[in-house]
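Structure first, then comments.
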Amino acid sequence: MDKHYDAKAAEAKWYKFWEENGCFHQDPDGREPYSVVIPPPNVTGILHMGHALNQTIQDILVRWRRMQGRNTLWLPGTDHAGIATQNVVEKALKKEGKRRQDLGREKFLERVWEWKKQYGGTIVHQQRMLGNSTDWRRERFTFDEGCSRAVAKVFTQLYDEGLVYKGNYIVNWCPRCGTALANDEVEHEPNHGHFWYVRYPVVGSLKGVKGEPYKDYVMVATTRPETLPGDTAVAVNPKDDRYAHLVGKTVVLPLTGREIPVISDDYVDREFGTGIVKITPAHDPNDFLVGKRHGLAEINIMTDDAHMNELAGEKYCGMDRWECRKAIVEDLDAGGFLDHIEDIDNQVGHCYRCHETVESRLSKQWFVKMKPLAEPAIAAVKSGEVKFVPERWSKIYFNWMENIQDWCISRQLWWGHRIPAYTLRVNAGIREEGTGKREEVFVAETAEEALAKAKKATGNAALTIADLDQDPDVLDTWFSSWLWPFSTLGWPEKTKDLEYYYPTTDLVTAQDIIFFWVARMMMAGIHFMKKPPFRNIVIHGIVRAADGSKMSKSKGNSLDECDTKVNKEKFEIGRNFTTKIWNAAKFLEMQEQALGHETSDERRDAFSRLMSSVSRPEDISLSADDRHILYAADLACRKVNEILEAYRIQDGALAVYDFFWTQICDGYVEYVKDSPNKAVSVAILRDVFWKALRLLHPYMPFVTEEVAHQLGFLKEGETIMLQEFPKGYTDAEKAAWGVTEENYEFVNAKREAITAIRALRAEYKVPPATFVKVTVATDDAKAKAEVESLKKAMRAESVEFVPAGSDLAMPSKITKFGTVYLSLEGLVDKAAEAKRIAGELAKLAGFIKSSEAKLANENFVAHAPEVVVAEARRKLAENKEKVAQLEKLAKLFA
RNA sequence: GGGCUAUUAGCUCAGUUGGUUAGAGCGCUUCCUUGACAUGGAAGAGGUCAGUGGUCCGAAUCCACUAUAGCCCACCA
């Protein structure tokens with residue numbers, strides 16, 4: 001073996017080997033499939049801790065299932081990420097002094113594809129560095145041809161089913177990105193704002209003297225005075241007696257002179273503000289609904305980039321919204337309309353991408369009706385067909401699904417799936433701009449099909465594609481992501497992959513995209529495939545910044561700095577463990593060389609040669625320690641499988657770690673050094689080592705592969721990836737070898753005795769070089785047989801045995817093995833020791849008292865399980881014995 | 001406002017249906033280098049399991065309330 005492990009070289013070498021030899025790729029066959037689709041990261045992205053956590057969990061599950069013999073598919077890919085990608089390219093253009101409009105749609109898209117070709121591979125490359133065993137031959141992109149076909153079909157089908165519609169709606173509008181945002185793309189943040197109290201004069205009232213300009217007015221409070229020119233009413237609560245007399249009257253909208261009605265609506269909260277609200281239907285979602293109920297006009301006073309338009313009035317037209325706010329406040333004040341200003345803390349929505357303040361704005365958008373899709377998706381989780389792990393996340397899922405809102409799916413971007421909806425050109429004579437004549441929309445998967453529909457609808461056979469205008473908008477990125485589990489397997493074609501791997505088995509993701517992604521995939525899967533897209537939804541934590549807050553790009557805390565602190569520690573644990581594995585492997589190799597096992601066949605087969613013919617424990621000379629490690633290996637295999645079945649990834653890691661470090665290295669390797677039967681022990685060490693390597697492989701793929709080859713467990717061309725995941729020994733084997741729990745416990749007890757003597761040596765400050773006289777009180781013949789190993793491990797000059805229950809005046813510790821005594825040899829500071837013993841006695845007295853009370857309680861004896869009662873009795877007796885010995889010692893030191 | 005979750009050693013966290021004197025890693029203290037491994041080994045200190053009450057023979061674990069923190073949803077003009 002090499003002296004040191006070269007991680008860099010091994011990682012590069014083995015990843016290349018795995019990928020080139022198709023180790024990640026399998027084709028449908030007769031076995032049980034195990035399939036997982038990766039949550040596609042943004043193609044613009046770089047790998048962060050969240051990805052690493054998410055993908056590591058998946059890799060562990062996938063490698064484990066693959067070794068178990070399942071036909072495994074882990075499907076990778078990236079997301080085209082509409083806004084994010086477009087932003088990146090637009091920024092690059094800006095450096096050249098250009099805007100996307102300068103290039104035009106087609107040229108701009110070419111630029112984006114070029115960018116994707118050049119830089120989009122970054123994250124894919126990083127995923128390889130992680131060691132992901134994803135099937136790169138099936139890599140997909142949410143904007144590739146197949147996904148686009150799936151998107152067009154889905155949109156068309158939903159439209160035909162009446163589940164997609166176009167509507168006037170108030171949307172969250174990001175003025176910087178120039179697009180509508182879905183509700184969940186808006187982040188609400190606390191804001192220190194103002195409440196401007198504004199007087200709206202009642203029509204007919206007289207203008208008064210200075211300081212009290214109008215005799216009669218209503219006072220409204222607003223946080224957004226710039227929307228005032230868009231007001232079309234003021235509203236009060238119908239139950240509000242204070243203002244009942246005003247309902248039906250008309251007030252003057254300040255600065256405009258326009259007259260607007262006073263209406264009453266339940267939406268108004270009597271307690272909040274003045275109890276009177278200005279209604280601006282085109283610029284507030286609630287006002288929009290109120291306006292609909294009362295048939296109010298919707299006056300949109302802003303442009304796409306949040307400047308005021310001509311409807312805002314000549315003076316304000318062209319102003320930026322904040323500028324306009326200032327101007328309007330000044331004008332209100334000057335006109336005597338501003339009563340006073342109050343500070344207020346409220347919440348303001350920001351774009352999740354660029355962090356610009358979101359504006360509510362009236363526009364025409366495409367929507368998906370979600371309720372009909374949500375119902376079966378709720379049922380699938382309720383019935384247990386799909387399970388959340390941990391289960392509690394289902395509550396959050398239900399909560400959202402049951403209150404679901406229609407999904408705004410159109411985005412005013414260029415980079416994305418173009419909406420497959422077409423209208424006839426003005427010059428085709430069908431639509432007349434500005435006439436209000438109903439637009440006829442033709443939705444179809446392709447332009448040709450749309451044309452056919454148009455011909456049929458108009459009866460005009462002479463129409464050509466050139467007469468069609470495609471909707472300029474694109475679809476929300478999630479509109480392709482929600483099809484991911486089946487679009488990536490070939491849908492809408494009926495492929496073998498789709499038939500075999502769908503529904504996928506596990507979906508592993510963080511809690512923050514349960515709504516964005518998981519819930520929508522459930523809906524799409526059930527609707528289009530008639531089956532939910534996965535059986536288990538495994539939710540893991542999100543990686544948080546040091547202060548516990550969620551990491552996000554806009555907060556600027558997503559990069560390494562925050563992570564390094566936590567991670568450095570974890571990284572060190574991993575690195576130290578790797579070294580430990582490497583050194584243990586070197587030890588094994590040395591032992592084998594000492595035995596003269598030179599060829600790898602000799603080494604590999606030593607264990608089976610030794611053990612295979614054994615049918616009774618008497619046929620083979622295994623020591624208690626040999627049998628102990630075989631039992632521990634068996635236990636570890638069973639435990640790890642069981643733990644992973646329950647998705648307890650971290651616990652699995654601890655179990656393997658403990659098996660390797662504590663059981664193999666600290667325990668068995670120490671024994672093997674002085675084993676009386678080296679040939680046997682080294683063969684056993686090799687076998688448990690091989691089991692440990694395979695148990696470790698899902699967690700540490702590279703080092704286990706490298707060690708497996710350097711130690712000759714595998715021949716050239718083989719890989720640990722495709723070896724069987726260890727299940728433990730068979731019952732027949734354990735019976736034949738005498739591998740029992742009883743023996744396991746015996747060796748544990750022996751080690752406990754050794755630890756006890758070491759502790760006594762430390763307590764009495766016996767120098768390491770000094771050999772001591774040790775006495776063990778036990779009647780166990782097996783214990784006596786272990787005297788040689790005890791002598792060495794305890795650094796004992798001699799080990800003597802006395803009958804159990806013997807009462808010697810020496811420092812002692814009680815163990816399951818028997819009471820161990822350390823001979824003093826006059827090494828002790830009597831006064832200090834007497835003090836220590838007194839403290840010890842006080843502690844024990846407390847325990848004995850409470851134990852006695854417990855055992856005196858009839859209910860405890862009657863109701864507690866027998867083992868618990870027996871254990872309590874044993875502990876009490878043990879501690880009483882300890883007290884007796886300490887008292888004896890106390891006299892000795894007195 | 002509605003919902004969810006957390007609070008255990010200096011730090012990061014386990015603790016699987018309630019049952020030995022509550023664990024791990026890091027950090028800390030003491031000691032040990034001709035040893036496969038100092039990226040190591042041995043021993044040790046450190047916790048009234050956020051608080052209060054309740055159920056039970058028995059509570060870190062179940063229930064109620066309180067405090068603190070975090071997340072999600074909805075939002076007040």
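- Judged by Watson-Crick or G-U wobble contacts below 3.5 Å, the nucleotide B/C13 has B/G23 as its partner.
- Note on A/N583: every side-chain N or O is 4.0 Å or more away from OP1 and OP2 of B/G40.
- Distance from the side chain of A/K395 is smallest to B/U5 among B/C57, B/A43, B/U5.
- B/G53 and B/C63 make up a base pair, with Watson-Crick or G-U wobble contacts both under 3.5 Å.
- If you check every strand for non-hydrogen atoms under 4.0 Å, A/T755 touches sugar and phosphate atoms only.
- To the nearest whole angstrom, the two C1' atoms, one in B/A14 and one in B/A22, are 11 Å apart.
- Using the Watson-Crick or G-U wobble rule with both distances under 3.5 Å, B/A42 pairs with B/U30.
- No donor-acceptor contact under 3.5 angstrom links the side chains of A/K813 and A/T755, judged on distance only.
- Looking at heavy-atom distances under 4.0 Å, A/G349 makes no contact with the nucleic acid at all.
- The gap from the P atom of B/U8 to that of B/U52 amounts to 16 Å, rounded to the nearest Å.
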Original post:
Taking it one step at a time, do A/D658 and A/T662 satisfy side chain to side chain donor-acceptor pair (under 3.5 Å)?
Top reply: CA-CA 5 Å; A/D658 180 70; A/T662 311; 2.9 Å; yes
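- A/K586 comes within contact range of the sugar-phosphate backbone alone, with a heavy-atom separation under 4.0 Å but no base atom that close.
- Taking atom P in both B/G35 and B/C28, the straight-line distance is 26 Å, to the nearest Å.
- The base of B/U21 sits within donor-acceptor range of the side chain of A/N879, with an N or O pair under 3.5 Å.
- Among the protein residues, A/V669 comes within range of the nucleic acid bases, having at least one heavy atom under 4.0 Å from a base atom.
- Taking atom P on both B/G46 and B/C63, the two are 33 Å apart, rounded to the nearest angstrom.
- A/H597 is not listed as a side-chain neighbour of A/Q593, based on a closest heavy-atom distance of 4.5 Å or more.
- If you check every strand for non-hydrogen atoms under 4.0 Å, A/W661 touches sugar and phosphate atoms only.
- Between A/N576 and B/G40, a side-chain N or O to OP1/OP2 separation shorter than 4.0 Å is present.
- Residue A/P281 comes nearest to A/L296 through the heavy atom pair CG-CB, 4.3 Å, listed as atom of the first residue, atom of the second, then distance.
- The residue among A/I276 and A/E670 whose nearest nucleotide of RNA chain B is located toward the 5' end is A/E670.
- Side-chain nitrogen and oxygen atoms of A/K580 include at least one within less than 4.0 Å of the OP1 or OP2 phosphate oxygen of B/G41.
- Picking from B/A36, B/C37, B/C57 the nucleotide with the shortest atom distance to the side chain of A/T579 gives B/C37.
- Both the sub-6.0 Å distance and the 45° axial angle are not jointly satisfied by A/R751 relative to the ring of A/Y671.
- Between A/W400 and B/C71 there is no side-chain polar atom (N or O) within less than 4.0 angstrom of OP1 or OP2.
- In this structure, A/D651 reaches the sugar-phosphate backbone alone: every heavy-atom distance under 4.0 Å involves primed, P, OP1 or OP2 atoms, never a base.
- One cannot find a donor-acceptor pair under 3.5 Å joining the base of B/U20 and the side-chain atoms of A/R874.
- Remark: the A/E706 side chain and the A/Y5 side chain contain no N/O donor-acceptor pair separated by less than 3.5 Å.
- Comparing A/K673 and A/H4 against RNA chain B, the residue whose closest nucleotide sits nearer the 5' end is A/K673.
- As judged by a 4.0 angstrom heavy-atom cut-off over every strand, A/A221 is placed among the base-contacting residues.
- Look at B/A69: its Watson-Crick or wobble partner, with both distances under 3.5 angstrom, is B/U5.
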